[in-house]
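Below is one structure; the comments refer to it alone.
Naming: A, B, ... by sequence-line order, numbering from 1 per chain. These values consider heavy atoms only, across backbone and side chains, with no hydrogens, waters or symmetry-generated copies.
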There are 2 protein chains.
Amino acid sequence: METLEGITGRSLTVAELVDVLRSAIVGGDLVPNQRLVEADLASEYGASRGNIRAALAELTVEGLVERVQNRGARVRAVSVEEAVEITEVRAALEALCARKAAERITEGEAAELQELAGRMKDAVERGDRDSYSECNQILHARVIDISAQQTAAATIHRLRGQAVRFQFRLARQPGRPAVSLPQHLAIIDAVCAHNPDAAADAMRVHLESVADVIRSTHT
Amino acid sequence: METLEGITGRSLTVAELVDVLRSAIVGGDLVPNQRLVEADLASEYGASRGNIRAALAELTVEGLVERVQNRGARVRAVSVEEAVEITEVRAALEALCARKAAERITEGEAAELQELAGRMKDAVERGDRDSYSECNQILHARVIDISAQQTAAATIHRLRGQAVRFQFRLARQPGRPAVSLPQHLAIIDAVCAHNPDAAADAMRVHLESVADVIRSTHT
DNA sequence: GCAAGCAATATTGTCAACAACTTTGTACCA
DNA sequence: TGGTACAAAGTTGTTGACAATATTGCTTGC
């Protein structure tokens, strides 16, 4: 892989570095607890150490990186307990979004969600995990989108980045689609039926069940 | 006021600057939309511009400061619409905390909350706004504490910082205590009765009513 | 063989200078 | 009078050098 610096000839800005490093952490190129030595990252990504340093400071506030005084930065390792907490917070926030989405949804958007429901049923019948997983992500994103809640959306997005490793494992669990499909369909039904309370409950139940699965992997 | 630099003889670290600037913004010494010129802040607080710059970057991620490329930083102005959203997110998260608190609360903690309920009733009867406002803050803080939800607590705290200006106005509204006192008592009752669903509902209803008041000030 | 102290190395924290960009003010021309 | 081009000032973005701190490995004495 060629670095961006190698291609463009200029060095990366702080904002670009934040994006690049965030992707590297969320994407798993930088693994939990891995040390992030400023000088190494600087030569790796073709940036000055000062900019690397600034980027690490921002990612620390985002919760992706952990720093201790005079001892440098590491990729933050999220414990199972913490992943459960994060998922519970997501449950509360996405339930809020589902509630607002049920209040605001248009007929066009409802038709779109119904079509998505069809694709999800199909995918489960065919045993197509990748397609189902994709629909899953689209559903959650669409509900947040329709809710038009900027603050909740930003918070959910940040938390997702921290726990993405656990989500990933989850989707591969055998028998998981059979459990989650009816939950997803219940969310779609309630949102499309303009039923805020039912939509919030359905979303909360769904993500609480995700939290339970994560909890159970702790043993 | 003497700067910390003037007292200690050394210049401030980035971490110290973040705290100082955060307090200044939340406390209202730096008002919304006020420009934050790095060089000015540097001489004001007796720090190097580089450290000021790093501190502003962190506060930007926290949502207290707004920056645009090459045009500097300002204190972020939170709109009424945004304050409503923030309060709704707080409603969802504090409802989660109330639920968990109801599950975990000990008898000692329950007695403490009941005593707080008494003080709140007293304060309203006596018309003592300051005391009631203080109890209010203690109640919310205690419920979050008892819930032992680190992730939710950190998120609530960050959001509170952004909307603190609106909260402040609210407490001074005439007739407000008469509305909020029964809501607060309902929260305490449900949490102490180990009733998670009721606790979550009571907290959500309470903060949604706060959101309504903020919304109504827009007109 | 082992622990304590010390030197060497690695790494982070801070700073001041320089470069790049944006805005403001002014002169000139239609 | 209005607008455009250009110069000047103000401010932010970036970098490399230096200082402070932590870690590692070695030596020495027991």
Check this for me: does the side-chain of B:R49 come within 3.5 Å of the base of D:dG13 through a donor and an acceptor?
yes
Which nucleotide in C:dG13, C:dT12, C:dC21 has an atom nearest any side-chain atom of B:N70:
C:dC21
Is B:N51 close enough to C:dG13 that one of its side-chain N or O atoms is under 4.0 Å from OP1 or OP2 there?
no
Which of B:R176, B:Q137, B:H184 passes side chain to side chain donor-acceptor pair (under 3.5 Å) with B:Y132? Answer is B:H184
Length of the CZ-C1' vector between B:R67 and D:dT11, whole Å:
12 Å
Atom NE2 of A:H157 with >12 non-hydrogen neighbours under 6.0 angstrom:
no
Write down the distance between CG (A:L17) and C1' (D:dT15), rounded to a whole number of angstrom.
13 Å
Would the distance check show the side chain of B:S133 and the main-chain N or O of B:D130 forming a donor-acceptor pair, the cut-off being under 3.5 Å?
no
Taking only side-chain N and O atoms of A:R71, does any of them lie within less than 4.0 angstrom of OP1 or OP2 on D:dT21?
no
Side chain of B:V14: nearest nucleotide among D:dG13, C:dT14, C:dT12?
C:dT14
Take the protein atom CD of B:E44 and the nucleotide atom P of D:dT11, then report the distance between them rounded to whole Å.
15 Å
Give a yes or no on whether the backbone of A:Q162 and the side-chain of A:E62 come within a donor-acceptor separation of less than 3.5 Å.
no
Could you tell me how far apart A:D40 (CG) and C:dT11 (C1') are, to the nearest whole angstrom?
10 Å
Spacing of A:R74 atom CZ relative to D:dT23 atom P, expressed in whole Å
10 Å
Just checking B:G50: base, sugar-phosphate only, or nothing, at a heavy-atom cut-off of under 4.0 Å?
nothing
Could you give the distance from CG (B:L17) to CG (B:L12), rounded to the nearest 0.5 Å?
5.0 Å
Determine: side-chain N/O of B:R53 to OP1/OP2 of D:dG13, distance under 4.0 Å, yes or no.
yes
B:E38 has an atom CD; how far is it from atom P of C:dA17, in whole Å?
17 Å
Please report, rounded to the nearest Å, how far the P atom of C:dT11 is from the CD atom of A:Q69.
18 Å
Tell me what B:L36 touches on the nucleic acid: a base, only sugar-phosphate, or nothing, going by heavy atoms under 4.0 Å.
sugar-phosphate
Using whole Å, what does the distance between atom P of nucleotide D:dG13 and atom CD1 of B:I52 come to?
14 Å
A:R35 side chain, from C-beta outward: closest of D:dG13, D:dT11, C:dT11
C:dT11
